[in-house]
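In the text below, chain A, chain B and the rest are named by the order of the sequence lines, each starting its count at 1.
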Number of protein chains: 2
Amino acid sequence: MMNTIESVDSSKNLSTRERILDAAEQLFAISGFAETSMRDITKHANVNLAAINYHFGSKDDLINEVFIRCLDPIHDVLQENMDNLIKEAAEPSKALKHIVELVVIRAFQTEQQRHNGAIFMRLLNRAYNESQGKLRSFLAERYKKTLIDCVRFFRLTLPQVQRAEVFWRIHFMLGSLAFAVAGEKEIGAIGTALYQDQHNEKALLRRLTNFLVAGLQAEA
Amino acid sequence: MMNTIESVDSSKNLSTRERILDAAEQLFAISGFAETSMRDITKHANVNLAAINYHFGSKDDLINEVFIRCLDPIHDVLQENMDNLIKEAAEPSKALKHIVELVVIRAFQTEQQRHNGAIFMRLLNRAYNESQGKLRSFLAERYKKTLIDCVRFFRLTLPQVQRAEVFWRIHFMLGSLAFAVAGEKEIGAIGTALYQDQHNEKALLRRLTNFLVAGLQAEA
DNA sequence: TGTACATCAGTGAACGCGCGTTCACTGATGTAC
DNA sequence: TGTACATCAGTGAACGCGCGTTCACTGATGTAC
């Protein structure tokens with residue numbers, strides 16, 4: 001039961017639909033959309049091969065649903081924390097470091113199932129690297145309201161930076177995060193081989209936070 | 001002759017082997033490894049379907065060759081500029097901005113064929129997101145000498161930052177660059193829709209440079 | 001309460017298609033004697 | 001210089017396999033009268 005990829009049905013009695021979404025989310029994040037077959041997903045979810053087409057119509061529609069289910073909760077999380085932040089943000093620069101720390105920790109978090117930051121970062125990167133524009137343009141719509149919240153959120157601690165500038169810096173940050181999450185193991189191993197810097201997640205998170213805070217606060 | 005993806009044989013009389021590598025490089029960068037078929041590549045390169053297996057053995061070996069051909073010249077470019085930089089780097093912080101500017105411009109450069117930075121950034125990102133570790137571990141070896149040069153290069157202007165720290169910051173930078181290159185159009189379009197900030201490459205390069213210079217110079 | 005029909009979740013087996021790879025072959029060039 | 005053989009780049013057609021999708025079907029539950 002402690003496999004690297006554990007079966008998603010484990011005793012929780014989820015519906016077929018949700019078991020498919022859980023399995024697809026994991027496998028797409030790990031292996032990509034084209035590299036993950038319907039047979040992989042249904043085997044992993046312990047459902048019939050035809051169930052994906054029955055519940056979602058097609059593989060492409062399943063991919064869209066996976067993203068919808070990932071993005072929608074982020075909106076809520078941001079809204080919750082926004083109110084708290086406004087109250088406690090006495091000193092903006094400290095507050096920014098606090099936020100970035102939370103984002104970085106979240107991005108590397110590999111919880112059991114929902115709110116798995118590492119899976120989300122991998123999916124996000126795959127979405128931006130997808131060949132056809134289909135998924136990208138689908139996401140662009142859905143993504144907007146989340147992004148508006150993000151920019152508003154970060155602007156609370158970066159009032160002197162223009163909105164469009166914050167918007168781009170958030171994307172630069174996402175790029176660093178996604179790349180670091182995807183390459184953590186390999187990059188860490190190379191670092192160890194070259195500089196005897198034994199890889200350690202805490203140090204990585206600290207380094208990322210330093211880099212990102214400085215980048216976000218850059219002067220125009 | 002001005003197609004979005006132009007045929008690679010155009011009058012240059014390249015060998016079959018090189019025509020295949022050129023076509024594969026472009027198509028892999030645009031669409032990914034799994035999504036690009038041997039038939040796509042050979043059609044694009046204007047060669048026989050069996051020529052890939054004849055010259056490279058298999059599709060996987062072709063992928064490796066594409067990376068070898070991309071990475072090896074970077075080593076040389078760095079070595080060349082290193083000498084110049086040592087001479088002219090009177091003020092380190094200005095020199096860093098100069099370097100980052102060059103890197104950013106290079107990363108977005110879409111030249112006709114060789115030294116195409118945008119293609120390289122896309123390939124790099126795909127390599128880190130590849131499902132099996134095969135390509136990653138193959139690259140890790142080849143990549144090392146290039147990375148050592150990179151770190152030495154950046155340390156010339158960041159002498160106060162530890163080597164392992166510079167090593168990681170370079171990867172954070174690569175992540176931002178790769179994400180920005182891959183998503184330039186979509187992110188730009190969303191930015192325009194949300195903030196009436198009409199997308200313009202010069203502004204993007206300036207923003208990226210600011211963000212990266214600040215991140216690289218972050219205090220520990 | 002009983003019967004007839006409708007809806008729905010799920011299934012097993014098959015479909016045709018495109019994939020990477022293989023193989024026997026061709027034709028040009030190089031080498032040995 | 002001429003003949004026999006070897007090497008090499010390239011080719012056309014086929015191979016088997018795994019893919020996403022479809023379809024007729026089952027069995028359980030809901031609804032109408």
Q: Would you be so kind as to tabulate the donor-acceptor pairs closer than 3.5 Å made by side chains of residues 146-155 of chain B, with sequence neighbours excluded?
A:
unit_1: B/Asp149; atom_1: OD1; unit_2: B/Gln79; atom_2: NE2; d: 3.4
unit_1: B/Asp149; atom_1: OD2; unit_2: B/His75; atom_2: ND1; d: 2.6
unit_1: B/Arg155; atom_1: NH1; unit_2: B/Pro159; atom_2: O; d: 3.3
unit_1: B/Arg155; atom_1: NH1; unit_2: B/Val161; atom_2: O; d: 2.6

Q: Could you go through B/Leu71 and B/Leu139, starting from their C-alpha distance and side-chain angles, then the distance that decides it, and tell me whether this counts as side chain to side chain contact (heavy atoms under 4.5 Å, CB included)?
A: CA-CA 9 Å; B/Leu71 280 173; B/Leu139 270 183; 3.5 Å; yes

Q: Within residues 56-67 of chain A, which residues have any heavy atom lying less than 4.0 Å from an atom of DNA chain C?
A: none

Q: Can you give me the dot-bracket string for DNA chain D, 5' to 3', counting Watson-Crick and G-U wobble pairs with both distances under 3.5 Å, using [ ] for crossing pairs and | for partners on another strand?
A: .||||||||||||||||||||||||||||||||

Q: Would you mind classifying the nucleic acid contact of A/Thr42 as base, sugar-phosphate or nothing, using non-hydrogen atoms under 4.0 angstrom?
A: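 Nothing, no nucleic acid heavy atom in range.
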
Q: Salt bridge or not between B/Arg206 and B/Glu101? Use side-chain N to carboxylate O under 4.0 Å.
A: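 Looking at B/Glu101 together with B/Arg206, the answer is no, because their closest N to O distance does not fall below 4.0 Å.
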
Q: Just so I know, are the side chains of B/Asn48 and B/Tyr54 near enough to count as touching, which here means a heavy-atom distance under 4.5 Å?
A: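 SC-SC contact between B/Asn48 and B/Tyr54 ruled out.
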
Q: Check whether the ring centres of B/Phe179 and A/Phe179 lie less than 6.0 Å apart, and answer yes or no.
A: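 No.
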
Q: Would you mind reading off the distance between B/Ile20 atom CD1 and C/dG20 atom C1', rounded to a whole angstrom?
A: 14 Å

Q: Take A/Arg163 and B/Asp197, measure what salt bridge (Lys or Arg N to Asp or Glu O under 4.0 Å) needs, and give me the verdict at the end.
A: CA-CA 9 Å; A/Arg163 284 185 306 170; B/Asp197 167 70; over 6 Å; no

Q: How would you list all residue pairs meeting side chain to side chain donor-acceptor pair (under 3.5 Å) that involve residues 173-190 of chain B, not counting sequence neighbours?
A: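 For residues 173-190 of chain B: A/Arg136-B/Glu186, A/Ser176-B/Ser176, B/Glu184-B/His199.
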
Q: Checking salt bridge (Lys or Arg N to Asp or Glu O under 4.0 Å) for the pair A/Arg169/A/Glu165: CA distance, chi angles, key distance, verdict?
A: CA-CA 6 Å; A/Arg169 290 184 185 181; A/Glu165 191 84 30; 3.6 Å; yes

Q: At less than 4.0 Å, is any side-chain N or O atom of A/Ser37 found next to OP1 or OP2 of D/dG18? Yes or no.
A: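 Looking at the OP1 and OP2 atoms of D/dG18, neither is under 4.0 Å from any side-chain N or O of A/Ser37.
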
Q: Without swapping roles, check the side chain of B/Arg122 against the backbone of B/Ala178 for a donor-acceptor pair under 3.5 Å.
A: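 Checked: no pair found.
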
Q: Can you check salt bridge (Lys or Arg N to Asp or Glu O under 4.0 Å) on A/Asp22 and A/Arg17, steps first, answer last?
A: CA-CA 9 Å; A/Asp22 287 345; A/Arg17 214 187 124 87; over 6 Å; no

Q: Just compare C/dT21, D/dC19, D/dT21 and give me whichever is closest to any side-chain atom of B/Asn53.
A: C/dT21

Q: Under 3.5 Å, which N/O atoms of the protein pair with N/O atoms of nucleotides 25-29 of chain C?
A:
none

Q: Give a yes or no on whether the backbone of A/Ser37 and the side-chain of A/Asp40 come within a donor-acceptor separation of less than 3.5 Å.
A: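 Checked: pair present.
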
Q: When the distance from CD of B/Glu35 to P of C/dC19 is rounded to whole Å, what number comes out?
A: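 Interatomic distance, CD of B/Glu35 to P of C/dC19: 12 Å.
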
Q: In sequence, state the C-alpha distance, the side-chain angles, and the governing distance for A/Phe33 and A/Leu123, and then conclude on side chain to side chain contact (heavy atoms under 4.5 Å, CB included).
A: CA-CA 9 Å; A/Phe33 308 120; A/Leu123 286 175; 4.3 Å; yes

Q: For nucleotides 9-14 of chain D, just jot down a letter per nucleotide in 5' to 3' order: B, S or -, based on protein non-hydrogen atoms under 4.0 Å.
A: BBBB-B

Q: Side chain to side chain contact (heavy atoms under 4.5 Å, CB included) between A/Asn125 and B/Tyr128: does it pass, once the steps are laid out?
A: CA-CA 10 Å; A/Asn125 213 7; B/Tyr128 272 100; over 6 Å; no

